[in-house]
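Letters A, B, ... are given to chains in the order of the sequence lines, protein chains preceding strands, and every chain is numbered from 1. On a predicted model such as this, the values are computed, not experimentally measured, just so you know.
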Number of protein chains: 2
Amino acid sequence: MKADNQNIKKPGVVIGLSAVIVSVDHRDSGGAGTQAEPMVFIVRGAEHTLSVGVVPTNEDGDALPFGPFDPDSHETPELGLRSWVKDQTPIVPGYVEQLYTFGNRGRYIGQKQDELRVISIGYLALTHQEKTRTSEKVFWGDWYSYFPWEDWRRGKPEMIGTVIEPGLKKWVNAADSAEAKLHRRTRANLCFGLGGIAWDEEKVLERYELLYEARLVYEAVRDKKIKADYTLVPGTSMLYDHRRILATAMSRLRGKLKYRPVVFELMPSEFTLLHLQKTVEAIMGHPLHKQNFRRLVESSGMVEEIPGKKSAAAGGRPAALFRFRRGALLERPSPGMKLPPIGG
Amino acid sequence: MKADNQNIKKPGVVIGLSAVIVSVDHRDSGGAGTQAEPMVFIVRGAEHTLSVGVVPTNEDGDALPFGPFDPDSHETPELGLRSWVKDQTPIVPGYVEQLYTFGNRGRYIGQKQDELRVISIGYLALTHQEKTRTSEKVFWGDWYSYFPWEDWRRGKPEMIGTVIEPGLKKWVNAADSAEAKLHRRTRANLCFGLGGIAWDEEKVLERYELLYEARLVYEAVRDKKIKADYTLVPGTSMLYDHRRILATAMSRLRGKLKYRPVVFELMPSEFTLLHLQKTVEAIMGHPLHKQNFRRLVESSGMVEEIPGKKSAAAGGRPAALFRFRRGALLERPSPGMKLPPIGG
DNA sequence: TTGACTTATGCTCTAATAGAGTATATTACT
DNA sequence: AGTAATATACTCTATTAGAGCATAAGTCAA
């Protein structure tokens, strides 16, 4: 259990903080045509993503905001993230949770590739301030533009059958042995709900990693420096491994929603139940049974009706307005809403 | 989103890998008096825990194994951990999962406290090789010796009523305002299942942090340099923030057991159902209903009976021997065993 | 050899919950 | 007034969870 001190202190190891800042764009207030889209805070262009100034790149593209970890001023990495987000963006996140620490070799590819190792502590942050100033360089991106196959709200995305399944089939058949083929096939089936297996909305990361391995996303083509003479899966790519970090955040958030009342971090102070439902559906990526959702939410005690107040009706009976009951957090050991899985 | 390069590269930031290596000591093979105790791999004495050679301490005590992260030879931090564990210990962990990255200021307290910042990427590793050579300095420690209040297998631990509740009551009453008192009280109730709230076995970390804040564990007395003229909660303390890391691992493992078949990483290749049950109970910290556990496990398809084979009976009808069905992992999207919470 | 004891295993009963659907209420619009 | 749209209340059923009883298959000691 002895080790050389020198190994550790070499220059060229950089610690940074990556943030997946999520909000939900509530297109309108209750009533007819209520819409909700999950958004991620994106910075575009190398000079923004490379705020530590040490990771040169020639590529342009979408990236997650990335800030320095300053051991002198930051008590904890999480406080560091909060202060950096507060200083550098117009966002004040309510909920912040550490996701994962990413430290793969080669995750930052630049001229100094071999010298430099970037360790990123990834965070998930939730906010309901979706109306922030944006520009061409800094904006809220629709998270399903990066992961279109994750959006089952209007049924199974077509590309799964037309692009992903054929692509994976090719990858399965490219395996060496029959054994390896079987292994690849079962993995593909499990991830993408093929062969009678149910789709699991939490497997966002596993699916992305599988597509990467099967070289069906641009990042794989880029990192492995291959020529893609076949159809890639639709979806916006990101710089570095940021799409992987985003996938990690989506998996985590989809899981968390089921047992902790984090949705409310994404809601305005007053909302209708449809409003809340559309927000949950937006995150989970699939539709829910309206009456049962209502029963669930009302019986959970997480929410209280605002007496008298009604939403501005738009094409139907006006809905009651609700607010989050902060007190509920103090009454039950692990409040949340048990959400059903998608019907496979 | 610009930052100074200098902030990052200062010397005095060390990245290390901490491992919570868990095994279960199966005291005997099925039959009467079957016992199981969860164990953690412990190193005692500063020279072992400080293998990076940069964190001086005067104290002696139990610590988690800690290894360097070497950007030159480690493709990923997880591979770094695996290789370091393999080289430096007799353990070959099967399952490894990243837990959390700890980087609080002051988590390593030494002469150079203000200069040095240690960032530890914490890992949870599971193994069933509990029979490894040990010494006075390196051994398997009973994890309930560090967290005796977490063991409800033989009912509610007495110390909760005799030491923890009174200690927390004092802490509640020491709050400034009535509001703050109420807040502290509800927090204590939620954590420790007081006032009619059910005990939640997953809140290991929250409970430890509460005890720390209420200065009822030695680490708080040590870090805050106060004089403890009152009774501390029983339980072995650890160096640095290692008991917090262990608590994080326990929380994670208790949660994971409910939806992923990780128990089998802790089992020998053949086992009886009682054996399996005792192992789950050991991790979860509370007893389970035997017949229902059997129904659950058998219907899950995670396990198959070994035809003909029976356990060596010890005082009763011999039990059938089972083995883990690896194939089950490939059949269902998220296999596991839904475990009931402790009856509040 | 038999009866007491111990553990394993099979089965039943009941309460709670989840999933799906029907029915009615309240609004706007034509 | 009638139609469309949404909100809300309620019902029905299948599944699951929690608890306990009954029987099986061994050991051990008198």
- [ ] Grab the CG-P distance between A:Leu296 and C:dT17 for me, whole Å please.
- [x] 11 Å
- [ ] May I ask you to say whether A:Lys156 pairs ionically with A:Glu165, meaning some side-chain N is under 4.0 Å from a carboxylate O?
- [x] yes
Open item on the list: Both B:Gln291 and B:Arg295 contact DNA chain D. Which one's nearest nucleotide lies toward the 5' end?
Closed with: B:Arg295
- [ ] Could you state the atom-to-atom distance from CZ of B:Phe293 to P of C:dT9 in whole Å?
- [x] 13 Å
- [ ] Could you state the atom-to-atom distance from CG of B:Asn292 to C1' of C:dT9 in whole Å?
- [x] 13 Å
- [ ] Using whole Å, report how far NE2 of A:His275 lies from P of D:dT6.
- [x] 15 Å
Task: Atom pair distance, as rounded to whole Å: CZ in B:Arg294 and C1' in D:dT16 - done: 19 Å
Open item on the list: On a heavy-atom basis, which atom in B:Trp149 and which in B:Trp152 lie closest, and how many Å separate them?
Closed with: O-NE1, 3.2 Å
Task: Salt-bridge present (B:Glu37, B:Arg153; N to O < 4.0 Å) - done: yes
Open item on the list: Would you say that more than 12 heavy atoms from the other residues, nucleotides or ligands in this model lie under 6.0 Å from the CZ of A:Arg326, or not?
Closed with: no
Pull out every protein N or O sitting under 3.5 Å from an N or O of nucleotides 23-25 of chain D, one pair per line with the distance.
residue	atom	partner	partner atom	Å
D:dA24	N3	B:Arg317	NH1	3.2
D:dA25	O4'	B:Arg317	NE	3.3

- [ ] Return the orientation label for the A:Phe324 and A:Phe264 ring planes: parallel under 30°, perpendicular over 60°, tilted otherwise.
- [x] parallel
TODO: Send over the distance from A:His289 NE2 to D:dA9 P, rounded to a whole Å.
DONE: 15 Å
Task: B:Glu270 and B:Phe322, any side-chain heavy atoms less than 4.5 Å apart - done: no
TODO: Using atom CG of B:Leu288 as one end and atom C1' of D:dG20 as the other, report the distance to the nearest whole Å.
DONE: 16 Å
